[in-house]
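Quick note: numbers below take in every heavy atom, side chains included, and nothing from hydrogens, waters or symmetry partners. Not measured: the values here are computed from a predicted model. All residue numbers refer to positions in the sequence shown, counting from 1.
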Amino acid sequence: MNPEESMLREESHWINGESNEPLNVPGDPIIGFIEGDGVGPDIWSASRLVFDEAVKIVSRCMRRIHWREIPAGEKSFRNSGEHLPAGSLDLIRAARVVIKGPLTTPVGKGIRSINVTLRKELDLYACIRPVKYIPGTPVPVLKPELVDMVLFRENTEDVYAGIEWPSGSEGAAKVIEFLRESMQTRVDPSSGIGIKPMSPYATKRLMRAAMRFAMTNGRRRVTIVHKGNIMKFTEGAFRDWAYELVHEEFSDVFLSENDFESLHHGNIPEGKILVNDRIADAMFQQILLRPAEYDVLAMPNLNGDYLSDALAAQVGGLGMAPGANVGDRCAIFEATHGSAPKYAGQDKVNPCSMLLSGCMMFKHLGWNDVADIIEEGISEAIEAKTVTYDLARLMENAQEVSCSGFAHRVISHMRNTSSEKLAP
């Protein structure tokens, strides 16, 4: 029996649930994993040790995970000649919850991004990136503890839709001719052409996800980030459609910025959520100068790409940044950094991005106790200054440990935490 048949037969281990409803998670669910390329196998093997031990500790061996590998990336290409076999998409749909390492995407040539393909084929419309400082992590800013934001980045439209034609191509020539003849718009004939679509449907479902997250998690502010002062009919429309959705579906909890200042004197009443908006370039300054004033951010694709990395830099870099791509049917949790092939197989890199993405995954499953103990273990390992090379070189008197060594330190702290809680 091949892995696909085996997985599809084990119905009692499936994670079920209707769209936008709480998942029905058995005590021993199937969860898919994609090792990833480059350093992916290193950070995955280290993270899996932590995940399994955390589940074992908090459930007292009553829960476990059936991990199933899903072929994708360079390993899949070596084995099958395909970077993303069609069967892998079926496996993800069956499992519903997947965690993955980084996948390599060539720049300027070669295969189209597997990450983008996964988002489009599985309709993973929300890229969710929580950014919060872990005490003890070396950072370039003075008050990183003020950063506690969750970014919702629209995942299917904008320039990332992949609608483009290279310079000199027949497709580019046709679009340029159409723009000149039908739209009276001059474009240099040698240009490469890209299309930036944005729709009310995609915008509103992203904003709906951001608002629901804010309500469920006690967040008080949702900020729409856009460049609508220049791109009025795409990014400006994104802003307008987002506000429309709030008025249509969340009017009972919505608080405008004008009312926030004039009626409530800068205080958000209990049960209300402030919804405001900021121009994207100004927002880059805001996250540095006034991070405590922002909470949940909702934005188009490209803005979210830049802003999530800039925020990650404030709390220690991409090695400390978790992320997920979530749709109504499936969710893929992932390390947010690149594949770093020069470090592949060296058991060297920081696994925290994947570990923290795993914490997001466990919260998605409703296993908050598992996420909490992992987060505590990571925090204690960092505060003890037993860290991987990227953090050790920025700390005084740090003990540098390997990728797997860091995982074992986290496990040790988790066990100690559990023993302390169980002690009479």
Side-chain angles (χ1 to χ4, degrees), residues 1 3-4 6-35 43-70 91-101 128 130 213 216-217 322-326 329-335 351-381 404 406-424:
M1 185 184 299
E4 290 86 352
S6 175
M7 186 172 189
L8 294 173
R9 285 190 179 187
E10 294 175 328
E11 296 187 13
S12 63
H13 303 297
W14 285 4
I15 296 171
N16 293 304
E18 298 300 321
S19 296
N20 297 318
E21 295 294 331
L23 294 175
N24 179 16
V25 182
D28 54 350
I30 292 170
I31 295 179
F33 74 90
I34 298 170
E35 280 190 342
I43 61 172
W44 165 246
S45 60
S47 298
R48 179 172 175 171
L49 290 173
V50 175
F51 298 155
D52 286 339
E53 186 65 18
V55 172
K56 179 181 176 181
I57 289 172
V58 300
S59 72
R60 300 188 184 184
C61 301
M62 296 299 291
R63 284 181 271 169
R64 60 165 295 194
I65 294 171
H66 297 286
W67 297 107
R68 292 299 174 86
E69 184 167 10
I70 296 175
L91 285 172
I92 294 171
R93 293 185 183 102
R96 303 196 61 165
V97 174
V98 172
I99 187 163
K100 74 175 207 48
I128 305 173
F213 176 88
T216 302
N217 292 276
N325 295 291
V326 180
R329 174 70 188 178
C330 302
I332 298 179
F333 300 84
E334 63 178 355
C352 280
S353 180
M354 180 163 272
L355 287 172
L356 292 168
S357 296
C359 292
M360 289 182 70
M361 178 188 73
F362 286 119
K363 290 175 183 178
H364 182 74
L365 296 175
W367 292 9
N368 291 24
D369 51 356
V370 178
D372 290 345
I373 198 170
I374 295 172
E375 290 174 349
E376 290 174 17
I378 293 171
S379 181
E380 289 171 3
S404 59
F406 183 82
H408 286 292
R409 294 296 178 126
V410 173
I411 289 171
S412 177
H413 288 297
M414 291 194 306
R415 288 172 176 165
N416 290 339
T417 297
S418 176
S419 296
E420 291 169 2
K421 289 181 178 178
L422 293 174

Inset, instruction - For Ala381 and Val410, work out which heavy atoms get closest and say how close. - result: CB-CG2, 4.3 Å
Inset, instruction - Indicate yes or no: at least one non-hydrogen side-chain atom of Glu380 is less than 4.5 angstrom from one of Asn416. - result: no
Inset, instruction - First locate atom NE2 of His364, then atom OG of Ser357, and finally report the distance between them rounded to the nearest 0.5 Å. - result: 13.5 Å
Legend entry - With Glu334 via salt bridge (Lys or Arg N to Asp or Glu O under 4.0 Å) - residues at least two apart: Lys100, Arg119
Legend entry - His413 side-chain N/O to Glu376 backbone N/O, donor-acceptor pair under 3.5 Å: no
Inset, instruction - Mind checking the CG-OG1 spacing from Asp372 to Thr417? Nearest 0.5 Å is all I need. - result: 11.0 Å
Legend entry - Test item: Val97 and Leu23 side chains (from C-beta on) under 4.5 Å apart, heavy atoms: yes
Inset, instruction - Return the minimal non-hydrogen interatomic distance between Pro26 and Pro29, and the atom names on each side. - result: O-CD, 3.3 Å
Inset, instruction - Not counting sequence neighbours, which residues clear salt bridge (Lys or Arg N to Asp or Glu O under 4.0 Å) with Asp52? List them please. - result: Arg48
Inset, instruction - Spell out, as yes or no, whether a donor-acceptor pair under 3.5 Å connects the side chain of Arg96 to the backbone of Arg329. - result: yes
Inset, instruction - Ignoring hydrogens and angles, tell me if any N or O in the side chain of Ser404 forms a donor-acceptor pair with the backbone of Ala46 under 3.5 Å. - result: no
Legend entry - Nearest-0.5 Å distance that lies between atom CG in Leu49 and atom NE2 in His408: 5.5 Å
Inset, instruction - Applying side chain to side chain contact (heavy atoms under 4.5 Å, CB included), run through Glu53 and Lys56 and close with a yes or a no. - result: CA-CA 5 Å; Glu53 186 65 18; Lys56 179 181 176 181; 4.0 Å; yes
Inset, instruction - Could you grab the distance from atom CD1 of Ile411 to atom CD1 of Ile57, nearest 0.5 Å is fine? - result: 7.5 Å
Inset, instruction - Measure the spacing between CD1 of Ile31 and CD1 of Ile15 and express it to the nearest 0.5 Å. - result: 5.0 Å
Inset, instruction - Identify the heavy atoms of Ala335 and Ile43 that sit nearest to each other, and give their distance. - result: CB-CD1, 3.9 Å
Inset, instruction - Please report the shortest heavy-atom distance between Ala371 and Cys359, naming the atom on each side. - result: CB-O, 3.5 Å
Inset, instruction - Grab the two heavy atoms, one from Pro351 and one from Ser47, that are nearest each other, plus how far apart they are. - result: O-OG, 4.0 Å
Inset, instruction - Check for a donor-acceptor pair, side chain of Ser379 on one end and backbone N or O of Glu375 on the other, with a separation under 3.5 Å. - result: no
Legend entry - Inter-residue atom distance Phe333.CZ - Leu365.CG, 0.5 Å rounding: 7.0 Å
Legend entry - Gly32 versus Ala95, closest heavy-atom pair with distance: N-CB, 4.2 Å
Inset, instruction - State, yes or no, whether a side-chain contact exists between Trp367 and Ser59 at a heavy-atom distance under 4.5 Å. - result: no
Inset, instruction - State, yes or no, whether a side-chain contact exists between Ile378 and Cys352 at a heavy-atom distance under 4.5 Å. - result: yes
Inset, instruction - Report the C-alpha separation of Phe362 and Ile373 in whole Å, then their side-chain angles, then the decisive distance to 0.1 Å, and conclude whether the side chain to side chain contact (heavy atoms under 4.5 Å, CB included) test is met. - result: CA-CA 11 Å; Phe362 286 119; Ile373 198 170; over 6 Å; no
Inset, instruction - Start with the C-alpha distance between Ile128 and Met360, add both sets of side-chain angles, then the distance that settles side chain to side chain contact (heavy atoms under 4.5 Å, CB included), and finish with yes or no. - result: CA-CA 10 Å; Ile128 305 173; Met360 289 182 70; 4.1 Å; yes
Inset, instruction - Decide side chain to side chain contact (heavy atoms under 4.5 Å, CB included) for Phe51 and Ile99; before the verdict, give the C-alpha distance in whole Å, the side-chain angles of both, and the deciding distance to 0.1 Å. - result: CA-CA 11 Å; Phe51 298 155; Ile99 187 163; 3.8 Å; yes
Inset, instruction - Name the orientation class of the two ring planes belonging to Trp67 and Trp44 (parallel below 30°, tilted from 30 to 60°, perpendicular beyond 60°). - result: perpendicular
